[in-house]
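In what follows, a single structure is set out as structure tokens and then discussed.
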Amino acid sequence: MNEESKRTLRREAIARRKLVDPAARMTAGERLAALADRLPLPAPAGPDTRVTVAAYVSMGSEIETRPLLDALLSAGYRVLVPRLGAGLDVGWGELAATGLLARMDAPGSPTHHRPDEPEGETLPPQSLEDASLVLVPALAVDRCGTRLGRGGGWYDRALGYRSPGCPVLAVCWDWEVRALDADPLPREAHDLPVDGALTPGGIMLFD
């Protein structure tokens, strides 16, 4: 029943997101970037001991994350983003600049089926241990920290490698954070909770 409920919720969330035009997604992304200095992060260290943030490159109907990635890089943070590999592989790539991201879809594909990736080596799943903060995409999140993803389970596998105490924030629209009096999202045993949400309207940490 949980998986059936999740499929319904995903369809509803994606249908609503498709009503948002690209300009609004970019404006929302710029609002995320304006919140970069309020994220639960230590100050950037020197070049030999940089503070690491694990984030992601948006695609499709997601809020545009490139402005936020640029803000983190400009502030001196080391930024890791997913490299999906084949099948269920979990890997990371170090982002040097958003302008250097390579499109991973087949040539001529009219839509994005996988996010753009940085060039360079693929870092192992254990690289997430270096992160002081993890930002993950979400279609919805509730106040108990249950996150609704796209159903592939990639982030649930990846998050198993983060260091204890490293906060995880779900990135989504303000309307995708469930109200306190709303029904909780369905959660299964493999669903790892998040610690809060980052939306264009602000940062919310859950109890």
Side-chain angles (χ1 to χ4, degrees), residues 5-41 53-75 77 79-82 84 95 97-106 108-118 133-143 145-152 154-155 167-183 185 194-206:
S5 299
K6 286 181 177 181
R7 284 195 292 269
T8 299
L9 290 167
R10 288 187 189 108
R11 286 195 298 269
E12 292 172 350
I14 291 171
R16 180 166 183 180
R17 284 184 170 194
K18 286 182 176 178
L19 299 176
V20 181
D21 63 50
R25 291 198 296 270
M26 178 58 76
T27 297
E30 291 167 352
R31 290 176 179 166
L32 295 184
L35 297 168
D37 61 355
R38 293 173 50 195
L39 290 169
L41 272 168
V53 181
Y56 67 97
V57 181
S58 58
M59 66 176 189
S61 62
E62 294 175 336
I63 297 172
E64 181 58 67
T65 60
R66 285 167 180 79
L68 174 60
L69 299 175
D70 286 333
L72 292 168
L73 290 169
S74 295
Y77 290 102
V79 177
L80 301 180
V81 295
L84 300 188
L95 181 63
T98 56
L100 298 178
L101 287 164
R103 184 166 177 137
M104 303 307 295
D105 289 304
S109 174
T111 58
H112 263 66
H113 294 286
R114 55 184 293 171
D116 297 345
E117 295 182 5
L133 173 68
V134 182
L135 302 174
V136 298
L139 292 169
V141 64
D142 67 23
R143 305 302 176 108
T146 303
R147 165 187 163 269
L148 180 69
R150 289 187 175 268
W154 194 92
Y155 280 99
V168 180
L169 298 185
V171 181
C172 58
W173 293 95
D174 294 87
W175 69 73
E176 293 171 334
V177 180
R178 293 211 156 191
L180 287 171
D181 57 354
D183 291 334
L185 290 168
V194 299
D195 301 293
L198 170 63
T199 74
I203 299 169
M204 186 181 307
L205 298 178
F206 305 140

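Not counting sequence neighbours, Asp195 has no partner by the side chain to side chain donor-acceptor pair (under 3.5 Å) test. Among residues two or more places apart in sequence or in another chain, the side chain to side chain donor-acceptor pair (under 3.5 Å) test is passed with Arg150 by none. With sequence neighbours left out, Arg16 forms a salt bridge (Lys or Arg N to Asp or Glu O under 4.0 Å) with no residue at all. In this view, Arg7 satisfies the salt bridge (Lys or Arg N to Asp or Glu O under 4.0 Å) rule with no residue, not counting sequence neighbours. Every side-chain contact (heavy atoms from CB on, under 4.5 Å) that Ala197 has, sequence neighbours left out, goes to Val141, Val177, Thr199, Phe206. Applying the side chain to side chain donor-acceptor pair (under 3.5 Å) test to Ser61 and every residue at least two apart in sequence or in another chain returns nothing.
For the atom pair CG of Leu68 and CD1 of Ile63, the computed distance is 10.5 Å after rounding to the nearest 0.5 Å. The CG atom of Leu148 sits 6.0 Å away from atom CG of Leu9, with the distance rounded to the nearest 0.5 Å. To the nearest 0.5 Å, atoms CG (Leu39) and CG (Leu135) are separated by 6.0 Å. The CZ atom of Arg11 sits 12.5 Å away from atom CG of Leu139, with the distance rounded to the nearest 0.5 Å.
Annotation for Pro200 and Ala28: closest pair CG-CB, 3.7 Å, computed over non-hydrogen atoms. Between Ala179 and Arg143, the shortest heavy-atom contact is CA-NH2, 4.2 Å. Of all the heavy atoms in Val194 and Ala170, the pair that sits closest is CG2-CB, 4.2 Å. Taking all atoms of both residues into account, the shortest heavy-atom contact from Pro82 to Tyr155 is CG-OH, 3.4 Å. A pairwise comparison of heavy atoms in Ser58 and Glu62 identifies CA-OE1, 3.2 Å as the closest pair. Here the shortest heavy-atom pairing between Gly29 and Pro67 reads O-CB, 3.7 Å.
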Legend entry - Trace of the side chain to side chain contact (heavy atoms under 4.5 Å, CB included) decision for Leu41 with Tyr77: CA-CA 10 Å; Leu41 272 168; Tyr77 290 102; 3.9 Å; yes
Inset, instruction - Just do the side chain to side chain contact (heavy atoms under 4.5 Å, CB included) check on Val171 and Leu169 with the steps written out, would you? - result: CA-CA 6 Å; Val171 181; Leu169 298 185; 5.6 Å; no
Inset, instruction - Begin from the C-alpha positions of Leu80 and Leu95 and carry the test side chain to side chain contact (heavy atoms under 4.5 Å, CB included) through to its verdict. - result: CA-CA 6 Å; Leu80 301 180; Leu95 181 63; over 6 Å; no
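Side-chain atoms of Val57 and Glu117, non-hydrogen and from C-beta on, never get closer than 4.5 Å to each other.
The stretch residues 169-181 participates, sequence neighbours left out, in these salt bridge (Lys or Arg N to Asp or Glu O under 4.0 Å) pairs: Arg17-Glu176. Among residue pairs with one or both ends in residues 20-38, none qualify as side chain to side chain donor-acceptor pair (under 3.5 Å); sequence neighbours excluded.
Counting only distance, with no hydrogens or angles, the side chain of Asp116 and the backbone of Leu101 share no donor-acceptor pair below 3.5 Å.
Of the candidates Thr65, Leu133, Val53, Val53 is the only one forming a side chain to side chain contact (heavy atoms under 4.5 Å, CB included) with Leu72.
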